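Reading through the C-alpha cells given below for one structure.
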Amino acid sequence: MTTLRLVLGDQLDRNLSSLRGINKETDVVLMAEVVSEATYVKHHKQKIALIFSAMRHFAKEMENEGIAVRYIQLDAADNSGSIVGELDRAITETKLTTVCITEPAEYRLLRELKEWSDQTAFDAEIKPDDRFFSDREYFKNWSHGRKSLRMEFFYRELRRKTGILMNGGKPKGGKWNFDQDNRKALPKSLKPPDRLRFSPNSQVREVFDLVEKHFGDHFGDLSHFNWAVKRTDALLALDHFIDECLPFFGDFQDAMATDEAFLFHSLLAPYINIGLLNPKEVCHRAEAAYEAGTVPINAAEGFIRQILGWREYVRGIYWLQMPEYSDSNFLAAKRSLPEFYWTGKTEMVCLEQAINSTAQHAYAHHIQRLMITGNFALLAGISPQETSKWYLAVYADAFEWVEHPNTIGMALFADGGLLASKPYAASGAYINRMSDFCATCKYNVKVREGSDACPFNYLYWDFMLRNEDLLRTNPRLAFPYKTLDRFTEKQKNIISFHAMNFLDNLK
Ligand code: FAD
Ligand code: DLZ
C-alpha cells in the first residue's frame with residue numbers, strides 16, 4: 001500500500017498521527033502553501049511568514065531523513081490554491097492508493113476535508129489529532145449532564161488523569177489553584193529579561209518577500225519578526241522561558257507595563273499551536289523546574305493551568321459548540337470594530353500599547369487581549385463576529401479552535417456565560433491598578449464622566465445599564481448593581497450621554 005500523508009501548517013510535529021508508521025520507500029508527504037488558508041481571514045504578515053517558514057524547515061528535515069515530500073510553494077505554477085485542490089492534484093499526479101490525514105484543528109477545514117473524502121474514490125483516513133492531553137470525546141463525556149462547564153473542574157480532572165503537579169491524590173503545594181497570588185503589578189525596580197531572538201535566515205527572508213508580494217495589504221509589520229521557525233530553536237525558546245521568566249510568571253501574570261510587550265510571558269503559544277513544541281513536554285518542563293526548586297509553586301501551577309487547564313478546556317468547548325458557536329451574540333452587540341484596532345491611532349494609552357504590540361510582534365499577552373482590547377469591545381458593544389475576526393487575523397498563535405472560545409466566550413460574554421461565570425467587564429480602575437498606562441494618558445482615570453474622564457469608566461457603567469435586563473440576576477454582578485442602585489437617575493443619564501457621545505464618534 002502506498003500512502004499520501006497530509007501535513008498542514010499547524011501540524012509540524014514528526015510524531016503527528018498521519019506520519020506514524022510512514023514507509024519511506026513508498027509513501028509521500030504532502031505539504032502545500034495555499035492562498036485559501038492564507039486569506040480565510042487576512043492573517044498578520046508575521047503569522048503567514050511564521051507558518052510558511054516553519055513548513056519549509058519541517059519539510060527539509062523530513063527530506064533529510066529520507067522521506068519523500070511533495071512540497072508545493074505558494075507561487076508554484078499549478079498551485080490550485082486550496083488544500084483539497086492540492087490533494088486532488090497529488091492523487092492525480094502520483095500512483096498513491098490511500099490518503100492519511102490528521103484531523104484539522106478548525107471546523108471549517110475539517111468539514112471541507114470530510115466532504116472531499118466522502119466524494120473521493122480513494123481510501124482516505126482522517127485520524128484524531130492526539131497532540132493534546134484529552135480528546136474531544138473525553139470533554140463531551142465530562143460536560144454531559146453538568147449545569148455549568150467551569151474550567152477549574154475540568155482542569156482538576158486533568159491534573160488527576162495526568163498526575164501533573166500531583167502527589168498521589170493531592171495537589172502539589174497543598175492547593176489546586178494559586179491564582180490569588182498572581183495579581184501583582186510590576187514594580188518599577190523590576191526589569192523583564194530580554195527575549196531570545198531568532199534572526200531570520202535566508203529562507204525566512206525569501207518567505208518575507210513572498211508575503212510582501214502576495215499579502216502586502218495584510219495587517220502587521222515583518223521588520224520585528226523574531227520567531228523560531230524550527231523545533232530546535234523553539235526548544236531554545238522554551239529553555240530560555242523556563243530559566244529566565246517562569247520564576248516570575250505567576251506574580252506578574254496579570255501585570256501590564258508601558259513598552260513591555262512580553263513581561264514574563266512565554267511567547268510559546270505559536271510553537272505549541274503549530275506543532276513545534278508539544279504541550280506535554282512544556283508542562284513537564286515547568287513541573288521539573290518546580291521540583292528542582294528554581295520556580296515557585298504559584299508560577300509553575302499558574303503556567304501549567306494555562307496549558308493543561310485553559311488550552312484543553314477551550315478546545316473542548318469549541319468542538320462541543322461548533323458550528324453554532326461562531327454566531328453567538330448573547331448581548332446583541334452590533335457596533336462595527338473601530339478603525340483604531342487596525343491603525344493603533346487612539347489617545348487611550350492602554351489600547352495604543354496593546355494594538356501597537358499586536359502590529360509589531362503579532363503578539364499581545366493575555367491581559368492585554370482580555371482586559372484592554374477585549375474589555376473595550378465588550379463595553380462598547382462591538383459585534384462578536386467582527387471582533388473575533390480581528391483576533392483570528394492579528395496574532396501569530398491565532399487559530400479558531402482557541403480564538404473563538406477566548407473571544408466569543410471569555411472576552412465578550414457572547415455565549416451567555418457558558419465559559420465565563422460573569423463578563424470580564426472592568427473600568428479604568430482595573431487598568432490603573434495593573435499597569436502604568438494611565439499615568440501618561442490624556443484621560444483621567446479617576447474621573448467617571450465628562451470629556452477628560454477615562455472612557456473605560458463611563459463605558460463600564462453604561463454597559464451595566466444597557467445590559468441590565470440580561471445581567472442583573474447574575475450573582476457575581478451583585479456588587480456593581482448594588483453600586484449602580486445608589487446612582488441618581490440624573491447621574492445615570494449623564495453616564496449614558498457621555499457613553500453615547502463617545503461611541504457615536506468612534507470611526
Ligand atoms: P503565556 O501567558 O505564557 O501562557 C502559557 C501558555 O498557556 C500559552 O502559550 C498558551 O498555550 C496557553 N494559554 C494561556 N492562556 C490561554 C487561554 N486563555 N486559552 C488557551 N490557551 C491559553 N491563545 C491562542 O493560543 N490562540 C488564540 O487565537 C488566542 N486568542 C485569544 C483571544 C482573546 C480575546 C483572549 C482573551 C485570549 C486569547 N488566547 C489565544 C489566549 C492567550 O491570550 C494566549 O494563549 C497567550 O496570550 C499567548 O501568549 P503566551 O504564549 O506568551 O502565553
Ligand atoms: C494558518 C495557515 C496559513 C496561513 N497557511 C497555510 C497553508 O498555506 N497551508 C497549510 O497547510 N496550512 C496553513 N495554515 C494553517 C491552516 O489554516 C490550519 O491547518 C487550519 O486552519 C486548521 O487549523
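We're numbering straight along the sequence, starting at 1. The figures here come from the full heavy-atom set of this structure, side chains too, leaving out hydrogens, waters and symmetry mates. First listed ligand is number 1; within each ligand, the first listed atom is number 1. None of the values given here were measured: they were computed from a predicted structure.
Here N273 has side-chain heavy atoms under 4.0 Å from ligand 1, and that is the only part of it that gets that close. At a heavy-atom cutoff of 4.0 Å, ligand 2 is contacted by both the backbone and the side chain of L8. When non-hydrogen atoms are compared, ligand 1 lies under 4.0 Å from neither the backbone nor the side chain of Q253. Only side-chain heavy atoms of H43 come within less than 4.0 Å of ligand 2; its backbone N, CA, C and O stay farther off. Contacts between I83 and ligand 2, counted as non-hydrogen atom pairs separated by less than 4.0 Å, involve the side chain only.
Here R231 pairs with E281 in a salt bridge; the nearest charged N to carboxylate O distance falls below 4.0 Å. Between R14 and E61 no salt bridge is recorded (no basic side-chain N to carboxylate O distance below 4.0 Å). Between E312 and R315 no salt bridge is recorded (no basic side-chain N to carboxylate O distance below 4.0 Å). Under 4.0 Å is where a charged nitrogen must lie from a carboxylate oxygen, and between E106 and R108 at least one such pair does. Note on K114 versus E103: no salt bridge recorded, every NZ/NE/NH1/NH2 to OD/OE distance being 4.0 Å or above.
Listed by atom number, the atoms of ligand 1 under 4.0 Å from F399 heavy atoms are 28 (O). In the vicinity of Y363, heavy-atom distances shorter than 4.0 Å reach the ligand 1 atoms 49 (O), 50 (P), 52 (O). Close contacts of ligand 1 with F303, meaning ligand atoms under 4.0 Å from a residue heavy atom, involve 5 (C). Each of the following atoms of ligand 1 lies closer than 4.0 Å to a heavy atom of T407: 32 (C), 34 (C). The contact set between ligand 1 and V402, taken as ligand atoms under 4.0 Å from a residue heavy atom, comprises 20 (C), 23 (N), 24 (C), 25 (O), 26 (N), 27 (C), 28 (O). With ligand atoms numbered from 1 in the order given, ligand 2 contributes 7 (C), 8 (O) to contacts under 4.0 Å with heavy atoms of V34. With ligand atoms numbered from 1 in the order given, ligand 2 contributes 4 (C) to contacts under 4.0 Å with heavy atoms of A38. Of all the atoms in ligand 2, the ones that sit under 4.0 Å from a non-hydrogen atom of F52 are 5 (N), 7 (C), 8 (O). Ligand-side atoms of ligand 2 in range of L109: 20 (C), range being under 4.0 angstrom from any heavy atom. Close approach of ligand 2 to A32 (heavy-atom distance below 4.0 Å) involves ligand atoms 7 (C), 8 (O), 9 (N), 10 (C), 11 (O). Close approach to M410 involves these atoms of ligand 1, each under 4.0 Å from a residue heavy atom: 18 (N). Listed by number with element, the atoms of ligand 1 under 4.0 angstrom from any heavy atom of Y391 are 32 (C), 34 (C). Heavy-atom proximity to F249, at under 4.0 Å, picks out these atoms of ligand 1: 1 (P), 2 (O), 3 (O).
A heavy-atom distance below 4.5 Å is not found between the side chains of D221 and K45. With a 4.5 Å cut-off on side-chain heavy atoms, E244 and R195 do not count as touching.
If you check each of V7, V402, L392, I51 against atom 2 (C) of ligand 2, the one with the closest non-hydrogen atom is I51. Looking at E312, H366, H404, it is H366 that brings a heavy atom closest to atom 36 (C) of ligand 1. Nearest-residue assignment for atom 17 (C) of ligand 1 (options N406, V394, I307; heavy-atom criterion): N406.
With F154 as the fixed residue, the ring-ring contact (aromatic ring centres under 6.0 Å, His included) test singles out one of W142, W310, W176: W142. Among V29, L87, D27, the single residue meeting the side-chain contact (heavy atoms from CB on, under 4.5 Å) criterion with L4 is L87. Exactly one residue among H240, H365, H361 makes a ring-ring contact (aromatic ring centres under 6.0 Å, His included) with F262. That residue is H361. No option in T102, D129, T3 other than T102 meets the side-chain hydrogen bond (donor to acceptor under 3.5 Å, both in side chains) test with S18.
In terms of protein heavy-atom proximity, atom 13 (N) of ligand 1 is closest to Q306 O, 3.6 Å. Atom 11 (O) of ligand 2 has G9 N, 3.0 Å as its closest protein atom, hydrogens excluded (heavy atom only). Protein heavy atom nearest atom 6 (C) of ligand 2, with residue, atom name and distance: E37 CB, 3.4 Å. Taking atom 29 (C) of ligand 1 as the reference point, the nearest protein heavy-atom neighbour is R369 NH1, 3.5 Å.
Of the N or O atoms in K47, none lie within a sub-3.5 Å distance of an N or O in ligand 2. Below 3.5 Å of separation, one finds an N or O of A269 facing an N or O of ligand 1. Checking only distances, H365 never comes within under 3.5 Å of ligand 1, N or O to N or O. For a threshold of 3.5 Å applied to N or O pairs, the pair formed by D10 and ligand 2 contains at least one separation below that value.
Closest approach of F303 to A286, counting heavy atoms only: CD2-CB, 3.7 Å. When all heavy atoms of A299 and P247 are compared, the closest pair comes out as CB-O, 4.0 Å. The heavy-atom pair separating M31 from F58 by the smallest distance is CE-CD2, 4.0 Å.
Under a 4.0 angstrom heavy-atom cut-off, R108 registers as being in contact with ligand 2. In this structure, W401 has no heavy atom closer than 4.0 Å to ligand 2.
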